Number of protein chains: 2
Amino acid sequence: MDEPRVADVDDTDHRLLALLREDGRRTFSDMAPRLGLSVAAVKRRVDRLRETGVITGFTVQVDATRLGWGVEAFTEVRYAGSTPVGDIVSTASTVPEVQAVYTIAGDPDALVQVRARDLADLQRVIDRLRRAGTITGTKTLMVLGRWTRA
Amino acid sequence: MDEPRVADVDDTDHRLLALLREDGRRTFSDMAPRLGLSVAAVKRRVDRLRETGVITGFTVQVDATRLGWGVEAFTEVRYAGSTPVGDIVSTASTVPEVQAVYTIAGDPDALVQVRARDLADLQRVIDRLRRAGTITGTKTLMVLGRWTRA
DNA sequence: CCTGAAAAGCTTAGGCC
DNA sequence: GGCCTAAGCTTTTCAGG
């Protein structure tokens, strides 16, 4: 558990990660010629990047709108100083609509990313968040549009 | 281009997507028995989910901290009413540290997610954002901790 | 229209240099 | 890092419901 915070990652590793960010299902034999390496060398690098914790996993990217989850929002949460940080996270993470919880230095205390079916659903989620711990206030930012890298 | 906003996705599709969210490199033959389908049926479903735009792609998940990008923040941006929405997005997206730009209804006008090497780097990014369009103010929320679904 | 089964070709895993 | 081989996976094709 005493691993270095920053792993040794050379330029080839960065190019490899860029290829996998573009398409996480690329095969080793697809990447090998692009990187100027043998197929086995690519596999060894990917294995090493997983072992050193640089690569934490692979996932599918889904268009939530096409699944009927068309409402996106960020809710800023402020709570009493006595509330442990973990409380808001553990409560929020049980709500399926909550995608991410960021604990923040200063004001607000946390930022909660939400994906909801509709506005009534969003309302329900916010109500639920307000019941967690000793929350003193929330402010919800409705997302109109988004641009995401890659 | 006149596709339905919400695609037909049955329960098996949802279970399939859950498996791929867990591990985007799962093989069809790994998923087939878990879904109670043949290998070919799984492939056909994945192909269909891509064609209908439900699956937009596959990607690798990387621990930015281990790559030396240890600072994460959200910057709220407020700008003059005359500034077109696209301006802030097109400017911000040219900054490599900017991970995502969310345009917001109300106040603030946008929320910019940033990954920076250190605080000096973050400062540079915020300065750059402030020079974009006619920005009237920014407020940066420093991320102390994060919880993300999956 | 949907599904499942089989075969060729390709990819991966692991040992070796 | 490269090369090799066995095992496993993907893709296509074909037949059935």
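Because the structure is a prediction, the values reported are computed rather than measured. Per chain, numbering begins at 1; letters A, B, ... match sequence-line order.
Ranking C/dT12, D/dG2, D/dT11 by closeness to the A/Val39 side chain, first place goes to C/dT12. Listed nucleotides: D/dC4, D/dG1, C/dT11. Nearest to the side chain of A/Arg45: D/dG1. Closest to the B/Ala41 side chain, of the nucleotides C/dT12, D/dG2, C/dG4, is C/dG4. With D/dC3, D/dT11, D/dG1 as the choices, the nucleotide that has an atom nearest any side-chain atom of A/Ala40 turns out to be D/dC3. Closest approach to the B/Phe28 side chain among D/dT10, D/dG2, C/dT12 is made by D/dT10 (side chain taken as heavy atoms from C-beta onward). Distance from the side chain of B/Lys43 is smallest for D/dT12 among the nucleotides C/dA13, D/dT12, D/dG2.
Side-chain N/O atoms of A/Thr140 and A/Thr75 include a donor and acceptor closer than 3.5 Å. Between the side chains of B/Glu72 and B/Gln113, at least one donor N or O lies within less than 3.5 Å of an accepting N or O.
Relative to the six-membered ring of A/Tyr102, B/Arg146 misses at least one condition, a distance below 6.0 Å or an angle of at most 45° to the axis. For the pair A/Arg26 and A/Phe58, the cation does not sit on the ring face, since its NZ or CZ is not both under 6.0 Å from the ring centre and inside 45° of the axis.
Checked by distance alone, A/Arg44 brings no side-chain donor or acceptor within 3.5 Å of a matching partner on the base of C/dG14.
Residue B/Ser29 has a polar side-chain atom (N or O) positioned under 4.0 Å from OP1 or OP2 of D/dT10.
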